[in-house]
Amino acid sequence: MALENKGQQKLDFVRQIVADDCKSGKWDGRVVTRFPPEPNGYLHIGHAKSICLNFGIAAEFGGKCHLRFDDTNPEKEEQEYVDSIIEDVKWLGWDWSENLFFGSDYFQQMYDWAVELVKKGKAYVCDLTAEQTREYRGGVEGGKDSPYRNRSVEENLDLLERMRKGEFPDGTKTLRAKIDMAHPNFNLRDPLMYRIVHASHHRTGDKWCIYPMYDWAHGLEDSIEKITHSICTLEFENHRPLYDWFLNELGIYHPQQIEFARLNLTYTVMSKRKLLKLVQDKLVAGWDDPRMPTICGMRRRGYSPQAIRNFCTKISVNKFNSTIDFALLEHCLREDLNKTSPRVMAVLNPLKVVIENYPEGKVETLDAINNPEDAAAGTRQVPFSREIYIERDDFMEDAPKKFFRLAPGREVRLRYAYFITCTNVIKDSAGNITELRCTYDPATRGGDSPDGRKVKSTLHWICAKNAIDAEARLYEHLFTKENPDDVEEGKDFTAYLNPNSLTKLTGCKVEPYLKDAKALSRWQFERLGYFCVDTDSKSDKLIFNRTATLRDEWAKIKGSGK
RNA sequence: UGGGGAAUAGUGUAACGGCAGCACGAGUGGCUCUGAACCACUUAGUCAAGGUUCGAAUCCUUGUUCCCCAGCCA
């Protein structure tokens, strides 16, 4: 496992704490972190930040990182999500070894500890309804004590036991910690520990009808697993006093909670609720729609695990909210894909070219380099004949000065093949260009001219006789706004969905070399971008997702109107 | 309004009382059988005002702005 932080002496604030603790011997040199997802949705790039932080720290400091499902709410959690989360963390390249845990496995221990707190007079059964509980909690001026706050230990013990046994309907009773109803931090105003929910749990079935709240459960889970550094997001900062209170009252092993800022990305929504809405309202094709910032969506789009990990290293970790420029993610993507993706030629919008002085019926094969960044990737053979396809965008009848590509009378190079010169433009009755006539120079075979003359550009092309048809799916940002939540009163984040976020192109032409390309394999289509074989692709119906375009100088010139 | 956090180029992130640096983006040029990659250069910053100090992004004071918290969600 490559350590992205190896040799990096600047530690982020979390790693600094861990390093200091290792030095002082606070945890006897142990480092144990955990990634604790709730299995109620698919993982996204924001989770990747947390995953890389937790697993990364464990790897760098010679510790362990647990994968723990925080499954304390049976009404929202499903096995489907457990499976996808396991798959995604694995795909990102992290390994939890035997340390796969479920919060629900600790339900009995949690209950025993609750009984202990009741016996200490630190917890009580409360009969207030949800609405009353809210009223009693109060506002900034403070709350007031529940009328059930001073029940005897015996009565509380009896009621708690009967809650567990299922004697009471949902919502009629709760177990609450007895702390301080006037505390300025709302989380300490006698927080709920258990609520009654007669629902089947994806792992414990109907064994339990009371379920622990996050604040009660989470620290206990960390304690049981002997976590050293419990890393969570900023919104739990207000909960830390409660995290500490429970562990102190119980007098059990007490990890340190550390909070960091969650990831925000331009042109992206990150909350599970919003992603779920996109899926449920069919605004995207599913959780793994390549436009989604989910791990499975990005995988299908063609992102590599390494690109995502490099990105997570690069953005670092901090305590204040920030929004990362999507361009940085794309930079990390291209950086990795450039090194690792085999090159191939494909024509997205074909324009037929007939090379008039090339012998009819002749087919020859030419050597092409698979990856100029990686000599070990070797070479392949590309067929060539009299009729080929080039990209429509690579020809202009009235070419401006900065357009270097093919135009009437102009000579260009066909990659790995020959120099050709455009001699004639053929149009249909509506004036659309349907075909180009060219001549070639046989002396330039392979792409070099013996007389040393230069051409301004090199075009990709596909031999018409051997071309394979393919579909290409081109993606843009899902939203047209950098911040999709920045909308007018009364609208929500779906108001600025990009109508052009997906363009399906059929009739694309690709090299025969791609005939058996495997699902999810990643390629660079030369001069166009990085593409990934879609999971729905078949050998007789190839589908490619455009992961990212190549940086495109000409597009900038064209776009600026120069 | 109570409590908890935080502010460094357009964006992100370093500098831990001692030269404000790096990356992305943007721009210019070089190179090129990918207008890619690569290389060089340019651009632009300490929230504000006071104070301590030989010296402050860093310490102190005051202010400003932003984020989080009143689910029987996590």
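In what follows, chains carry the letters A, B, and so on, assigned in the order in which the sequence lines appear, proteins first and then strands, with residues in each chain numbered from 1. What you see is a predicted model, and the numbers here were worked out from it, not measured in a lab.
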Distance between C1' atoms of B/rA57 and B/rA9 (Å, rounded): 14 Å
Remember a base hit wins even if backbone is also touched, and classify A/Glu553 as base, sugar-phosphate or nothing at under 4.0 Å, heavy atoms. sugar-phosphate
Excluding sequence neighbours, so at least two apart, what forms salt bridge (charged side-chain N to carboxylate O under 4.0 Å, His left out) with [X]?
X        : answer
A/Arg134 : none
A/Asp105 : A/Arg203
A/Arg380 : A/Glu511
A/Arg189 : none

Identify the pairs formed between an N or O of the protein and an N or O of nucleotides 72-74 of chain B at a distance under 3.5 Å, and give each distance.
| unit_1 | atom_1 | unit_2 | atom_2 | d |
| --- | --- | --- | --- | --- |
| B/rC72 | OP1 | A/Arg137 | NH2 | 3.3 |
| B/rC72 | OP2 | A/Arg137 | NH1 | 3.1 |
| B/rC72 | OP2 | A/Arg137 | NH2 | 3.2 |
| B/rC72 | N3 | A/Gly171 | O | 3.4 |
| B/rC72 | N4 | A/Leu128 | O | 2.8 |
| B/rC72 | N4 | A/Ala130 | N | 3.0 |
| B/rC72 | N4 | A/Gly171 | O | 3.0 |
| B/rC73 | OP2 | A/Arg195 | NE | 3.1 |
| B/rC73 | OP2 | A/Arg195 | NH2 | 3.1 |
| B/rC73 | O3' | A/Arg195 | NH2 | 3.2 |
| B/rC73 | O2' | A/Asn73 | ND2 | 3.0 |
| B/rA74 | OP1 | A/Thr72 | OG1 | 2.8 |
| B/rA74 | OP1 | A/Arg195 | NH1 | 3.3 |
| B/rA74 | OP1 | A/Arg195 | NH2 | 3.0 |
| B/rA74 | OP2 | A/Tyr214 | N | 2.9 |
| B/rA74 | O3' | A/Asp70 | OD2 | 2.7 |
| B/rA74 | N6 | A/His239 | NE2 | 3.4 |

Which listed nucleotide (B/rG35, B/rG12, B/rU34) is nearest to the side chain of A/Ile324? B/rG12
When you measure from every atom of RNA chain B, which of residues 325-339 of chain A have a heavy atom less than 4.0 Å away? A/Asp325, A/Ala327, A/Leu328, A/His331, A/Asn338
Atom CG of A/Asp552 to atom P of B/rG25: distance rounded to whole Å? 14 Å
With [X], which residues qualify under side chain to side chain donor-acceptor pair (under 3.5 Å), at least two apart?
X        : answer
A/Asp441 : A/Arg453
A/Arg176 : none
A/Thr458 : A/Arg413

Based on Watson-Crick and G-U pairs with both distances under 3.5 Å, what dot-bracket line describes RNA chain B 5' to 3', crossing pairs as [ ] and inter-strand pairs as |? .((((((..((((....[..))))((((((.......))))))...(((((..]....))))))))))).....
Which is more 5' along RNA chain B, the nucleotide nearest A/Thr323 or the one nearest A/Leu528? Just name the residue. A/Thr323
Syn or anti for B/rG21, given that syn means the glycosidic angle lies within 90° of 0? anti
The ring pair (Phe, Tyr, Trp, His ring centres under 6.0 Å) partners of A/Phe186 (sequence neighbours excluded) come to none
Nucleotide-resolved protein contact map, nucleotides 1-7 of chain B, B/S/- at heavy-atom distance under 4.0 Å: BBBSSSS
